[in-house]
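What follows is a single structure, written as structure tokens, with notes after it.
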Amino acid sequence: MKTDLERRVISTLALALGPDLMVSIESARSNTPAWDSLKKVEIIFILEEEFDVQFTESELIELESVHSIVAILKDHGIT
Amino acid sequence: MSAPSLLLDKAEYQHLIFAEKPRRIDLISSANLLPEPVRDLTIGVYRNTPFEFIASLVPPFLAYTHKKCQFTFSDYDDSLSFNITKTNDIDIVWLDYDRYSLPINDLLKWLLERLSTLRKQTTSSILVSSSHQNTEPWIEFNQALRTSLRQLPSVYVLPIEEVAAMLGLGYLDSRFSSVGATRISDRANMELARQFALKWIPAALSPRLKAIVFDLDNTLWGGVLGEDGIHGLSISDEHRQLHYKINELANSGIIIGLLSRNSPDDVEEILNSGKLGLDHNLITGKSIGWGPKSDGMHKLAEYFRISFDSILFVDDNPGELAEVGIGCPEIHLLHARGDSKDLVRALDLYPGLFTWGIEVTDRLRLNDIIMNLARDAAKREANDPVLYMESLKVCINVVVNPTSCRSRLHQLSNKTNQFNLSLSRLMESDVSDYLESQEKNVVAVWLKDRFSNSGLIAGIFTHWSSESLLIIDDLCISCRALGRNLEDYIVLASIREILRESSTCYPLLSVRIGFSYAKGRRNEPALKWLSRLTGEETGDSGIVFLDWQDMPVNDVICTMPIQLMDTFPANEN
């Protein structure tokens, strides 16, 4: 069962990636062609806005999948 | 969707786009709130740094102006080689100046050469980024860039340094240098996208709005004047900041009007009370009473001599906005919801209010409207039309191909509605062509009388179709010059001047004049004038011919008591 945080991250990514794409807990840059380098930056912008956080430079590099996004948000105290 | 429903949806949408800090999520989620935009713009971007993060945010802001856009991006190219494959509506040159190691003067010289090349290859409007830095030598660079680019038609320097100054340290975010190859923060991306969509793109494509009309109660102050009385109203510092903003807009040439359901005496009392930050001398017209606001707006538009699509109406009441919107088609509407700070921001951002530079003619327009009252009084006093004309002490200057007036002639071609024969809406590059080409000519006409100096009020664009056929491609007379029965004089004096200039090239015997025309929504005055002059009815479009020798030149020019000069007026260059 997905947690609230996972659901929020998935719906945020769905907004960013567009209505034609199905985003799931397993979605990642490696398996989502639309999630290219430009889209990655936009996703970061939206995540920082939605969750009111500021990622570090090293965290920015790691934000490549739903799992990694959830993990990093948890590190920021988001549940 | 019904008109009231659309108006109210737009009022709701405006609060997203005019918010202090718009949110990406809100903009993406609200994408379907407004109907599908009607106009598709093509925008080319020539760059040496990413523009995509700004471009992705432009569409939701642009939707407010009923437009959508398609961006095409060049490769990252420091050399700006401009591989032009098509003409766009707008071309943007977006540069990170820190990538260049040239001395500043060399950089400026190189950039001007590149932009001159781009100008020759395309007829689009060109927007060039300034440096974002507010320190020397970049302040001087930006100033020099603006000054130098005035020579090129339809090339505008974006005030990036103003956006950077507004955001301060928040303009840049070095975290994204490695991830996104950009140093511009998301906050800056958002603000730049907003400025592009709401201010810069509209200013590059369309004439400026001419007037803003304000409601009073709960718009310019808190409370209802008729219920709370002058002493019961709330006039905060924020309200006064709004009043100062209105003064600023008036001084930039925007006509300011007031429209309110109130007692005229009460309104005069508060305007003269000194309680407001509003300079009541800058208010050009008022419609205060108890009838429908749309009726009041009709009266103001007639008094200002402008059409509804040039007017922005501001009111706190959505119902009143809807009523005026239905009764005054194509009028612009702004909902004054929230506090006055929000309204100040909305007035700063509203599409059609930004201008690349304050035109002297905008201020002249205000003066003309006021002086029309004095002229009307003089007309009533003088029963004889010739005596009336004599009393006005009219002076007209007619100059052929004044290259220094390119910008104003371009403005006339695009902003004149009522007295515009063929509605050509020339680009600035087209005007340059008329000014410089051997076979083409353009006449500029200045007008003043004892009441006011109206400035440059007419442009007549012509070309020689053959040795004996002069075609008037377009004829634009500003509405500020109408109402004094000077149209015949202006046109005949202008044509005579072109014939004089051309007399060494073409013989003047048997010259025919062809007037091109096209019927539009609002240029009936021009078409009626043409029918009267030529004795021919006009259709939807075409050319009407008249022999020069049959035109009432002597009757008009020689008998009217007008001082006619073929030189620039004093204080013009």
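Sequence lines set the chain letters: A, B, ... in the order given, protein chains first and strands last, and positions in each chain run from 1. The structure displayed is predicted, hence computed values, not measured ones.
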Spatial distance of atom CD (Glu48(A)) from atom OG (Ser185(B)) [nearest 0.5 Å]
10.5 Å
Sort out for me which of Leu57(B), Ile25(B), Val179(B), Ile28(B) touches chain A most, counting heavy-atom pairs under 4.5 Å.
Ile25(B)
Shortest non-hydrogen pair, Val41(A) vs Gly180(B), comes out as CG2-CA, 3.7 Å
Pairwise side-chain contact, Gln54(A) with Arg175(B), heavy-atom cut-off 4.5 Å (strictly under):
yes
Heavy atoms from other residues, nucleotides or ligands near CG of Asp36(A) exceed 12 (cutoff 6.0 Å):
yes
What are the two closest non-hydrogen atoms of Ser178(B) and Glu57(A), and how far apart are they?
OG-OE2, 3.8 Å
Could you pull out the closest heavy-atom pair between Glu49(A) and Met190(B), with the gap in Å?
OE2-CE, 4.5 Å
CG of Leu47(A) to CZ of Arg24(B), rounded to nearest 0.5 Å, is 11.0 Å
When you compare the side chain of Glu50(A) with that of Arg23(B), does any pair of heavy atoms fall below 4.5 Å?
yes
Is the ring pair Phe176(B)/Phe45(A) parallel, tilted or perpendicular, if the boundaries are 30 and 60 degrees?
tilted
Could you check whether atom CG of Asp40(B) has more than 12 heavy atoms from other residues, nucleotides or ligands sitting under 6.0 Å from it?
yes
Please state whether the side chain, the backbone, both or neither of Thr182(B) comes within less than 4.5 Å of a heavy atom of chain A.
neither
